[in-house]
Protein chains: 2
Amino acid sequence: MTPTIRDVARKAGVSVATVSRVVNESAHKVREETRQRVLEAIQALGYQPNDVARGLKKRTSHTIGLIVPDISNPFYPAIARGIEDVANAHGYAIVLCNTYEDLAKEREYLSLLRRRWVDGLIFATSGVNTKHLQWLRGHRVPVVLVARDVEGLEIDAVLVDNFRGAYLAVQHLIGLGHRRIGFIGGPSTLHVSQERRRGYLQALDDAGIAPDPAYSVEGNFRAEGGDSAMQKLLQLSPPPTAVFAANDLMAIGAMNAIKRVGLRIPGDVAVVGFDDIPFASLVEPRLTTVAQPKYKMGAMAMTLLLERIEGKGDGPRKILLEPELIVRDSCGAREKEAEEIPAPPP
Amino acid sequence: MTPTIRDVARKAGVSVATVSRVVNESAHKVREETRQRVLEAIQALGYQPNDVARGLKKRTSHTIGLIVPDISNPFYPAIARGIEDVANAHGYAIVLCNTYEDLAKEREYLSLLRRRWVDGLIFATSGVNTKHLQWLRGHRVPVVLVARDVEGLEIDAVLVDNFRGAYLAVQHLIGLGHRRIGFIGGPSTLHVSQERRRGYLQALDDAGIAPDPAYSVEGNFRAEGGDSAMQKLLQLSPPPTAVFAANDLMAIGAMNAIKRVGLRIPGDVAVVGFDDIPFASLVEPRLTTVAQPKYKMGAMAMTLLLERIEGKGDGPRKILLEPELIVRDSCGAREKEAEEIPAPPP
DNA sequence: GGAAGTTTGGTAAACGTTTACCACAACGGA
DNA sequence: TCCGTTGTGGTAAACGTTTACCAAACTTCC
């Protein structure tokens, strides 16, 4: 049906070896004239090498697996893009695996990916458990973690400095004069949650503010969790005048809880988030947040993986990227500019 | 390194054919006792069949390509999940391809996918051009379109009834008493844009409202486009009292433009969107919108594709799914309930 | 006019499966 | 006794590449 290398060879009047050599621009020389004949035959037949056959021979699939808990979490698509862009530039395809935090599903995927001889794996998930990683280790497929670290594991990872990001956020609040600053954390089992909490505490401490345990409540990294956490915070007396949510989804949930009781943002309570998901700039008021370089993280993770695949491995590397505070409107930092904007109601 | 079928055969003291037969539960019988021996050997060695070798032999890759313009568009992840879940259930892996609406990139991916012998393709994109599809046709890989139709093409597709969805949205607005209803459309070249516009016009017509061309402005399916379109609408006199945006992103942009000039939603102007992206319920006020069954569309598309792959093809099928109007707060439909909620400010 | 490279090309053996054939044994019926 | 089945297993040829070897045919260089 579709032409094979053999068809090309026949048409060009050469052996398959020769065809293979021109296709792969092999070091083994082939006379320019023959090369042209082969090229013409390829053109005429519309030949394209079969990557699965090639993969069998070269023992590689030029495919990498991307494992995320859920691609519809707005945090992941940008990472995926970063990964895919550099993968694609190097001829790799990425197969997408949603695990929904389900260990069984994760195991299934791992098995699927192994049978396909993927050249590498990127975990953009917190659901990695040590068992699985050991399993992988046994099969020595290169792995890199992105965005979520797993402690005490000797694996490449590219992460953002969560401690510093949180510190930046809270420092910003303090700079604005806030003293009663609430914290809505992520699931406490996660490493990122712990780090962001640490940053919050440290910023408070450095400003000489004694942390009030009541101001610190645990969420679930989802909007609805932020909402109910905020409700609790609002019932305190006195309630916090500002709140730092450990991710944007919770921050947005918190904003909704605040507006619902008729309070104003940032007037009555200021809000900072973490992540800078696309919607952070779309909510009203626009959310001030600490941005993770998501695309870049993905791109770097893939670059690292590529190096591993090519065997350039030294020890395991942890890459820490700098977070950046994006000041928008939810903390009232730009009150002055805001005044200029109002247009007259028609 | 990793054990092959030959290792298993040796260990079990049988031929590779036998091993293959037990692994594939072939019709060719193998005695129970031998089967057990093979199974034990497999267990002991941790053998897993190599899918690329198998793919070479069977001329299939158990892989399907998913082509989207941009996975970070919040409309696509849910579709991708639907696709992936059913694909996975049938042992298929999906490779993710972002084209960024770039034809060259699309062509590149198509070529990549062909070389890998993907068993099928799902286009969740409007960027399909006829040339490409012909190319595909030539290589007869099954294709199904999802969410975005391409007119006059004999290809399977699963779509939502865009006309009806738009009709529903505008009818809702009319039912609420609105007469001056603005429309923020998508790029007019797209089939979906045209359909939604048609629905808007029809609903107006059925209510005996003469459409004012000035009330109809073209956006780009992005928030920022909805924002500037809304600004234009607001400058009209009299301005519309309600607006239907052809997708949620633009609706949210429009909401921001409205709030910015100090107008209230839905008090001064009501807003309806289209798609029901996850953030529709997170903005303030929560966006009333017509929902596309995104996950289901993905799942059905994959199901269709699976049938095609298995050769169950009759003529090309177009599946039209029903959109559903989700009434939330941006049109003031629930004013009464809203009154009960206010909690006292602390 | 050789010996010793260089080009340049072909042959055939992998890579890890699946599967069409063949073979042998056991069995049942005529 | 012979023959056709049926059950069970092995042999070896694909699938479409890549690549280690080999082998002519030309250089060069004495």
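Per chain, numbering begins at 1; letters A, B, ... match sequence-line order. Atom set for the values below is all heavy atoms of this structure, side chains included, hydrogens, waters and symmetry mates excluded.
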Participant: Starting from P on dT19(C), measure out to CD on Glu25(B) and report it in whole angstrom.
Facilitator: 14 Å
Participant: If the cut-off is 4.0 Å, is Arg31(B) near the phosphate of dG7(D), judged by side-chain N/O to OP1 or OP2?
Facilitator: no
Participant: Can you spot which of Asn24(A), Thr34(A), Thr4(A), Ile5(A) makes a side-chain contact (heavy atoms from CB on, under 4.5 Å) with Val19(A)?
Facilitator: Ile5(A)
Participant: Would you say the side chain of Ile155(A) lies within less than 4.5 Å of the side chain of Pro316(A), judging by non-hydrogen atoms?
Facilitator: no
Participant: Please indicate whether Glu310(A) has more than 12 foreign heavy atoms, meaning atoms of other residues, nucleotides or ligands, lying under 6.0 Å from its CD.
Facilitator: yes
Participant: For Asp85(B) and Tyr295(B), run side-chain hydrogen bond (donor to acceptor under 3.5 Å, both in side chains): C-alpha distance rounded to whole Å, both residues' side-chain angles, the deciding distance at 0.1 Å, then the answer.
Facilitator: CA-CA 10 Å; Asp85(B) 284 353; Tyr295(B) 181 90; 2.6 Å; yes
Participant: Are there over 12 heavy-atom neighbours, none belonging to Lys318(B), within less than 6.0 Å of that residue's NZ?
Facilitator: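 Yes, the 6.0 Å shell around NZ holds more than 12 heavy atoms from other groups.
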Participant: Heavy atoms under 4.0 Å is the rule here; annotate nucleotides 10-18 of chain D 5' to 3' with B where the base is hit, S where only the sugar-phosphate is, and - elsewhere.
Facilitator: BB--BBBBB
Participant: Is the CD atom of Glu32(B) crowded by more than 12 outside heavy atoms at less than 6.0 Å?
Facilitator: yes
Participant: Is any side-chain heavy atom of Arg317(B) less than 4.5 Å from a side-chain heavy atom of Leu304(B)?
Facilitator: yes
Participant: How sharply is the helix from dG1(C)-dC30(D) to dA30(C)-dT1(D) bent, taking the axes over five pairs at either end and rounding to 10 degrees?
Facilitator: 60°
Participant: Specify the separation, in whole Å, of atom NZ of Lys29(B) and atom C1' of dA25(C).
Facilitator: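 Answer to the nearest Å: 16 Å.
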Participant: Does NZ belonging to Lys105(A) count more than 12 external heavy atoms closer than 6.0 Å?
Facilitator: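 Yes, enclosed.
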Participant: Have a look at Thr34(B) and say if it touches a base, only the backbone sugar-phosphate, or nothing, with a 4.0 Å heavy-atom cut-off.
Facilitator: sugar-phosphate
